[in-house]
Amino acid sequence: MAAYKRVSANFNKGKKDSPFESAGLMIDRKVYSVDAEPVYEGTIQTLGDNLVDEDFVPESFFIPEDELPKWQYEKGPKKINRVSKEGYEYVFSEGGMAFPDYTDKPSRTMITGEGGSAPSRFKHVVQTPSGRYRRLIPVEMERLNMFPDNHTYHPDVTDGRRAFLMGNALVCGIVQEIGKSLYRFIYDKAPASTRPIHIQRNPRPQLSLSLFGTEDDVSLLYNKPKKTYKLDSAKRLLIGFVKEDNEKYFLTKEPTKLYYTGNVSDFPSTIALNKLYYFMPHIKGKGVRDLYLIKIVRLGDKTEIYPDVTDTRAPRMVFELEYLESLPKYKMIRLNFQHAFTDTFLGRVLEGIE
């Protein structure tokens, strides 16, 4: 008997519990397994964070009341007596699934059969604030796979086909992060893209634009995805001055940004980089408003995103940022270090702001 067949036939034979823990690896044909618990303090997104308001959902995506029993049956536990082609009798059984899907937890994986109105065990169903049940619309499926809004939209592509495309896709944001990590490991430097994934198409509204007059260029944005996170007033915050030629970049709210300091030798040595957690850009004459989570601090230079820059290739501190939220209005802050930086606690900036 081949070795792999022997292992497959006898592995853990006669034992009830699996020898594997929650994580592990194999090196030189030896398997190591440990019980690991993830530690994560960053932002998260639930199924509910990616849903649009009920008013923007076409009626065809709502489930009629007389169809609900069929959906409940498909989602529920069942045991069915069946007979195989060879005449063998057996019991087909499957456990129950949440109905409706939990909106305060991560989404289940989508499959290619996500589209269409027929009752199904695997399609997502959510309950709206009004109490009605509905399926997911294509833009919500795109968000769950971390694609830009309406990435699959085309006049000739049906909603069912868009659902098939998302069911056949990967969660591209995870692939992006794995790729960045591999790049750093292989080349010992950070990757930089001049076309970040968050550059999105103009979302297609679910309302008739004729309601808004006769203007040809009408842009209707709605229901941006949300994030779940908890601000910690005791975490350290870096406030950094934004040069005039970069102000426009920081006045828009893309989900990720890069902040470049001046020459790394000019960065205050008294600021402990390993203790920084948040970042706020300081706009001249305005102060601070937008709050970011610091994901990575590294060395780099502006030629990464501006290949034609001619001033210098001297190394700079590069902060990779994730947008969290904005204060109700700008707040003036005095910059301490070289009139360019302030290192403080988040709570001190939030004091007095409701």
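Counting from 1, the numbers follow the sequence of the chain as shown. Owing to the predicted nature of the structure, the values given are computational and were not obtained by experimental measurement.
A 6.0 Å sphere centred on CE of M332 holds more than 12 heavy atoms belonging to other residues, nucleotides or ligands. Heavy atoms of other residues, nucleotides or ligands lying less than 6.0 angstrom from CD of E59 number more than 12. The 12-atom threshold is exceeded at NZ of K78, counting heavy atoms of other residues, nucleotides or ligands nearer than 6.0 Å. Atom CG of D17 sits in a sparse spot, with 12 or fewer heavy atoms from other residues, nucleotides or ligands closer than 6.0 Å. Dense packing is recorded around CZ of R82, with more than 12 heavy atoms of other residues, nucleotides or ligands lying under 6.0 Å away. A 6.0 Å sphere centred on CZ of F92 holds more than 12 heavy atoms belonging to other residues, nucleotides or ligands.
The salt bridge (charged side-chain N to carboxylate O under 4.0 Å, His left out) analysis of residues 109-123, with sequence neighbours excluded, yields the pairs E94-R121. Counting only residues at least two apart or in different chains, salt bridge (charged side-chain N to carboxylate O under 4.0 Å, His left out) contacts with residues 234-248 comprise E41-K235, R236-D343.
Every residue two or more places apart in sequence or in another chain was checked for a salt bridge (charged side-chain N to carboxylate O under 4.0 Å, His left out) with R348, and none qualifies. Considering only residues two or more places apart in sequence or on other chains, R161 meets the salt bridge (charged side-chain N to carboxylate O under 4.0 Å, His left out) condition with none of them.
Note that CG of L136 is 12.0 Å distant from CG of D159, once rounded to the nearest 0.5 Å. Atom-to-atom distance recorded for T256:OG1 and E320:CD is 8.5 Å, nearest 0.5 angstrom.
A side-chain donor-acceptor contact under 3.5 Å links S33 to the backbone of E21. No side-chain donor-acceptor contact under 3.5 Å links S107 to the backbone of L47. Between the side chain of D188 and the main chain of R184, no donor-acceptor pair closer than 3.5 Å is present. Checking side-chain atoms of D101 against main-chain N and O of H124 turns up no donor-acceptor pair under 3.5 Å. Side chain of E322 to backbone of P255: no donor-acceptor contact under 3.5 angstrom is found. In terms of modelled atom types and a separation under 3.5 Å, the side chain of Y323 and the main chain of K257 share no donor-acceptor contact. Between the side chain of K79 and the main chain of V91, no donor-acceptor pair closer than 3.5 Å is present. For the pair T261 (side chain) and R316 (backbone), a donor-acceptor distance under 3.5 Å is absent. A donor-acceptor pair under 3.5 Å links the side-chain atoms of R108 to the main chain of F122, judged by distance alone. With hydrogens and angles ignored, the 3.5 Å screen pairs a side-chain donor or acceptor of N263 with a backbone N or O of S265.
The side chain to side chain contact (heavy atoms under 4.5 Å, CB included) test with T342 is passed by exactly one of I271, L335, L237, L238: L335.
Under 4.0 Å is where a charged nitrogen must lie from a carboxylate oxygen, and between E67 and R135 no such pair does. Between D49 and K227, no side-chain nitrogen of the basic residue sits less than 4.0 Å from a carboxylate oxygen of the acidic one, so the salt-bridge criterion is not met.
Between Q338 and F241 the shortest side-chain heavy-atom distance does not fall below 4.5 Å. Side chains of T128 and F62 form a contact here, defined as non-hydrogen atoms less than 4.5 Å apart. Between P138 and F61 there is a side-chain heavy-atom pair separated by less than 4.5 Å. A 4.5 Å side-chain heavy-atom check between M317 and V297 finds at least one atom pair inside the cut-off. Side-chain contact between D232 and L346: absent, with no pair of heavy atoms (C-beta onward) separated by less than 4.5 Å. Using a 4.5 Å heavy-atom cutoff, the side chains of L51 and R134 are in contact. In this structure the side chain of T270 reaches within 4.5 angstrom of the side chain of F337, judged on heavy atoms. Inter-residue side-chain proximity for Y102 and T46 is flagged as unmet; no heavy-atom pair is nearer than 4.5 Å.
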Given side-chain contact (heavy atoms from CB on, under 4.5 Å), test E140 with N50 step by step and report yes or no. CA-CA 6 Å; E140 294 167 333; N50 290 279; 5.5 Å; no
Between N150 and R162, is the side-chain contact (heavy atoms from CB on, under 4.5 Å) condition met? List the steps. CA-CA 9 Å; N150 286 307; R162 292 177 68 183; 3.0 Å; yes
Report the C-alpha distance between V242 and Y249 in whole Å, list the side-chain angles of each, state the deciding distance to 0.1 Å, and finish with yes or no for side-chain contact (heavy atoms from CB on, under 4.5 Å). CA-CA 10 Å; V242 175; Y249 174 69; over 6 Å; no
Test side-chain contact (heavy atoms from CB on, under 4.5 Å) applied to M146 and C172, step by step: CA-CA 6 Å; M146 300 181 74; C172 58; 4.1 Å; yes
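Under a hydrophobic clustering in which Ile, Leu, Val, Met, Phe, Trp and Tyr are joined whenever their side-chain heavy atoms come within less than 4.5 Å, directly or via other members, F345 and L324 fall into different clusters. L144 and L170 fall into different hydrophobic clusters, defined by Ile, Leu, Val, Met, Phe, Trp and Tyr side-chain heavy atoms under 4.5 Å apart, directly or through other members. Under the 4.5 Å side-chain heavy-atom criterion for ILVMFWY residues, a single connected hydrophobic cluster contains both L299 and F341. Under a hydrophobic-cluster definition in which Ile, Leu, Val, Met, Phe, Trp and Tyr are linked whenever side-chain heavy atoms come within less than 4.5 Å, directly or via other members, V175 and F147 are assigned to different clusters. In this structure, L273 is a member of the same hydrophobic cluster as L258, with clusters built from ILVMFWY side-chain heavy atoms closer than 4.5 Å.
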Kindly list each side-chain donor-acceptor pair under 3.5 angstrom involving residues 279-295, sequence neighbours excluded, with atom names and distances?
from : atom 1 : to   : atom 2 : distance (Å)
H282 : NE2    : I333 : O      : 3.2
D290 : OD1    : S326 : OG     : 2.5

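A donor and an acceptor atom, one from each side chain of E142 and Y153, are nowhere located under 3.5 Å apart.
Ring geometry for Y88 versus Y90: interplanar angle under 30°, hence parallel rather than tilted (30 to 60°). In this pair, F250 and Y259 present their aromatic rings perpendicular. The plane angle is above 60°, beyond the 30 to 60° band.
Within the hydrophobic cluster formed by Ile, Leu, Val, Met, Phe, Trp and Tyr side chains joined at under 4.5 Å, directly or through other members, W71 is accompanied by I63, L68, F99, V125, Y133.
Between V349 and K331 the shortest heavy-atom distance is O-NZ, 2.7 Å. Residues P119 and K70 approach most closely at CG-CB, 3.7 Å, considering heavy atoms.
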